[in-house]
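Here is the structure we will look at.
Chain A is the first sequence line, chain B the second, and so forth, proteins listed ahead of strands; every chain is numbered from 1.
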Amino acid sequence: MVKNGTIVLLLLALLCLPRSLYAIDMNGTSRTYFQARESFDDENYLPLFEYLDFSLDDFAKEEYSFHFGGWARRDLNNEKSFDQRSSNLDLQYAYLNLHRDTANAVVNVGRVPVYEGVASESVDGFYTRSDLLHGFGIAAYGGIPVETDFDQRSGDLIYGTRISKEEADRYRVGISYLKEKNDGDAFRSEAGLDLRVRPHDQVELFGRSTFNGETSGWMEHAYNVIYLPRDDLRVIGELDAVNYEDYFGNVDTDTTGIFDLGIGVLDPDEQMLELGLRGEYKVREDLTATTLFRNYNYSVADSSNYYGAGLTYQPTEEMGGGCSLYRMDGQSDTRRYYELRLYAYKQYDKADVTVDLFNVHYDESINGESNGFSASLAGGYALSENGRISADVEYAGNPTFSTDIRLFVKYLYNFNISPLKVPEMKAPKLHLPAWKMPTLWKKTKTEGAAAPLDSEKGE
Amino acid sequence: MKQTLKSALMILLILAGGLYACATTESIGRSHPMEVPSPPMCSDCHDDERASLNHTADYDQRHKFYAVQQKQICNLCHKESFCTDCHANKGEIKPSDKFKDTPKRFLPHRGDYLTQHRIDGRINPVPCLKCHGRNNNARCKACHK
């Protein structure tokens, strides 16, 4: 069993090794969060979080890299702000990566994220994939599943594979399989088909179907079709068909209890068919309108609708705003509400301000209250090219609990350490300041950059 | 039966190994070779299937379909920590609480969701299980044991 503490110690040991042994590029982000809030029973919580992620590139050889992400919390006033604990930590991912120059061959070993077909998992083990001949590809993974609250990991196992076939710019199709065991007992078995077809420049169909091997039934068929009749107009059709008996069939004591079909909240005989239509229209360069309509049709319950529209306005890169209004029209007054949002942001040189307002108005009041609202004001300041400090205050209230005020302060620092090899690491040029989305952009290397992609429109 | 399965697996592995050895496709790079705006409109440069990766307003709702087919495309621009902002195992901070200063980014459960989730969970509980089934469920289990 791999313990979080062991991995942290190994990583620290790794970082303490003389860097002369490697020509390593190290870059990452440190995000320190401080939160001040009240609990439901009026206890004051002051948790301090540290989120750290980094990558070691060109680790020993150019094909190798190491990736780490994790966080830790400590309550400054020794209260137990979450999960009955005054401190906590989590290793989100930590893996050695081998990335070959041909065949898109990848091997990840450690605590690895896996996104392949039916799998969207975190695994203590391995993940590998490769292109094969004639447009075929194969991926495989295996190890111990990473879950929030597992009873014991001995006997837990997850493994799976995905085989794909593609013809670039025409279609991509994959067949995938996943098997999970809990304490040695078969727990989860899923197979799936994922599909993406582009018959025309203006039309794209994509989606997936998932089959539950334990209940021998189709869990879900989820598909979208995009139609682009003009450059300024996008139309998206949605279909999502779910069998509750099969979709919620894999439940055990580690699963959140509300999903257990046996407790009477979710009806195992229920089948849901969601049909939706979304539109996005660019009114002009700085103004975009969106609209959405979804119908939920059930075999047991009455149908519901969800619909609304929004506008986003961005006259310059440094400022913008948006508004939206949606209506949930459920089966009864207790399941109906209006949802309103207004936001605006502006950057002033190194400083920025954001205002965000939410209000949900319930048709039927709850505890005598009809509205759940949230108003936040955020401000930030770039202390340096790599460091930024920001804070936000939120005033919120809802029908379930009284109003409260929350404070959130964060300090973000991007670092890049290359003691021996000093490539010209350029921060990506962003239309928003780099610190706005610190985890979004990876640095673009000028050395060893990938060859320009084909099919680029040249000037 | 087990022996048959083992043999089949070995044959499959050898076959796959052989086919891999013959594959000569050039790998997608580790990072995007050009600077791109945020959010990126891939169709600004690409007129093939990559044009469909435009990060339009609805991209958050369809990104899953692309990620489970070609995660390496996402990796061109996104570090893994970007995904774990939402796809967490033990998340104690609601994603939107960490990014009040980034209102354009789609993040689940902005605003008060405690009351609202009772309705949304009845209308469509499917997306709830994906994130809060066996992962990221400590807060849920406080009430839904």
When rounded to the nearest 0.5 Å, the distance separating CG of B/Asp101 from OG1 of A/Thr354 is 5.5 Å
Honestly, the part of A/Gln92 sitting under 4.5 Å from a heavy atom of chain B is side chain
Test side-chain contact (heavy atoms from CB on, under 4.5 Å) applied to A/Glu369 and B/Thr115, step by step
CA-CA 11 Å; A/Glu369 294 287 336; B/Thr115 311; over 6 Å; no
Q) Hey, are the side chains of A/Arg294 and B/Asn124 touching, using non-hydrogen atoms and a 4.5 Å cut-off? A) no
query: Would you say the side chain of B/Phe65 lies within less than 4.5 Å of the side chain of A/Arg196, judging by non-hydrogen atoms?
result: no
Value for CG (B/Asp47) from CG (A/Asp169), rounded to nearest 0.5 Å, stands at 8.0 Å
Between B/Leu129 and A/Phe248 the two heavy atoms that sit nearest each other are CD2-CD2, 3.7 Å
Please confirm whether the backbone N or O of A/Leu377 pairs with a side-chain atom of B/Lys100, one donor and one acceptor, at under 3.5 Å? no
Applying a strict 4.5 Å limit to non-hydrogen atoms, the region of A/Val106 in contact with chain B is neither
| request: Look only at the side chain of A/Arg198 and the backbone of B/Asp48, and say whether a donor-acceptor pair between them is shorter than 3.5 Å. | output: yes
If you apply the rule side-chain contact (heavy atoms from CB on, under 4.5 Å), what do you find for A/Asn398 with B/Gln116, and how did you get there?
CA-CA 9 Å; A/Asn398 62 72; B/Gln116 195 176 345; over 6 Å; no
Would you check if A/Arg162 and B/Val68 make a side-chain contact, meaning some heavy-atom pair closer than 4.5 Å?
no
Check: Side chains of A/Glu166 and B/Gln70: donor-acceptor distance under 3.5 Å anywhere?
Finding: no
Among A/Gly321, A/Ala396, A/Gly174, A/Pro399, the residue with the most heavy-atom pairs under 4.5 Å to chain B is A/Pro399
Given B/Pro125, B/Cys140, B/Cys143, the one with more heavy-atom pairs under 4.5 angstrom with chain A than any other is B/Pro125
Whatever's closer than 4.5 Å to a heavy atom in chain B on A/Ser304 counts as side chain
If one checks every heavy atom of B/Glu92 against chain A at 4.5 Å, the contacting part turns out to be both
Report yes if some heavy atom in the side chain of A/Ile258 is under 4.5 Å from a heavy atom in the side chain of B/His132; otherwise report no.
-> no
Assess the side chains of A/Ser122 and B/Asn89: does a donor N or O sit below 3.5 Å from an acceptor N or O?
no
Looking only at heavy atoms, the pair that brings A/Ala103 and B/Ser27 closest together is N-OG, 3.7 Å
Bottom line for B/Cys128: the part with an atom under 4.5 Å from chain A's heavy atoms is both
_With a 4.5 Å cut-off on side-chain heavy atoms, are A/Tyr362 and B/Ile119 touching?_
yes
Q. Could you walk me through whether B/Gln61 and A/Asn224 pass the side-chain contact (heavy atoms from CB on, under 4.5 Å) check?
A. CA-CA 10 Å; B/Gln61 298 183 58; A/Asn224 282 197; 6.0 Å; no
Bottom line for B/Tyr66: the part with an atom under 4.5 Å from chain A's heavy atoms is side chain
Comparing A/Glu204, A/Gln35, A/Arg234, A/Arg129 against chain B, the one with the most heavy-atom pairs below 4.5 Å turns out to be A/Arg234
Comparing A/Phe136, A/Phe408, A/Tyr247 against chain B, the one with the most heavy-atom pairs below 4.5 Å turns out to be A/Tyr247
Problem set entry | Non-hydrogen side-chain atoms of B/Ile93 and A/Tyr51 separated by less than 4.5 Å | yes
Honestly, the part of A/Leu266 sitting under 4.5 Å from a heavy atom of chain B is side chain
The reported gap from OG in B/Ser52 to CZ in A/Phe206 (rounded to nearest 0.5 angstrom) is 8.0 Å
Between A/Asn104 and B/Glu26 the two heavy atoms that sit nearest each other are ND2-O, 4.1 Å
In this structure, CG of A/Asp231 is separated from OG of B/Ser43 (nearest 0.5 Å) by 8.5 Å
Side chains of B/Asp120 and A/Tyr337, donor plus acceptor under 3.5 Å:
yes
Pair count under 4.5 Å, heavy atoms only, with chain A: among B/Arg62, B/Gln69, B/His144, B/Lys64, highest is B/Gln69
Under 4.5 Å to a heavy atom of chain B? For A/Ala301 that would be neither
Comparing A/Arg278, A/Glu274, A/Glu220, A/Met328 against chain B, the one with the most heavy-atom pairs below 4.5 Å turns out to be A/Arg278
Minimal heavy-atom distance between A/Arg31 and B/Asp85, with the atoms involved, is NH1-OD1, 3.2 Å
Okay, A/Thr312 and chain B: the region with an atom under 4.5 Å from a heavy atom over there is neither
_Heavy-atom side-chain contact between B/Glu80 and A/Pro113 under 4.5 Å_ = yes
Any carboxylate oxygen within less than 4.0 angstrom of a Lys/Arg side-chain nitrogen, looking at B/Lys90 and A/Asp83? no
Distance col, row B/Thr84:OG1 vs A/Tyr93:OH, nearest 0.5 angstrom, shows 5.5 Å
Per-residue tally against chain B (heavy atom, under 4.5 Å) across A/His134, A/Arg336, A/Arg406, A/Glu339 peaks at A/Glu339
Interatomic distance, CD1@A/Ile226 vs OG1@B/Thr56, rounded to 0.5 Å, equals 7.0 Å
Notebook entry, point to check: Does B/Ile123 reach the side chain of A/Tyr306, with side-chain heavy atoms less than 4.5 Å apart?
Noted result: no
Chain B shares the most heavy-atom pairs under 4.5 Å, among A/Phe82, A/Phe358, A/Tyr343, with A/Phe82
Among B/Arg122, B/Arg118, B/Lys71, the residue with the most heavy-atom pairs under 4.5 Å to chain A is B/Arg122
Is the side chain of A/His99 donor-acceptor paired with the backbone N or O of B/Ile28 at a distance under 3.5 Å, no angle test? yes
Nearest heavy-atom contact between B/Pro103 and A/Tyr345 is CG-CD2, 3.8 Å
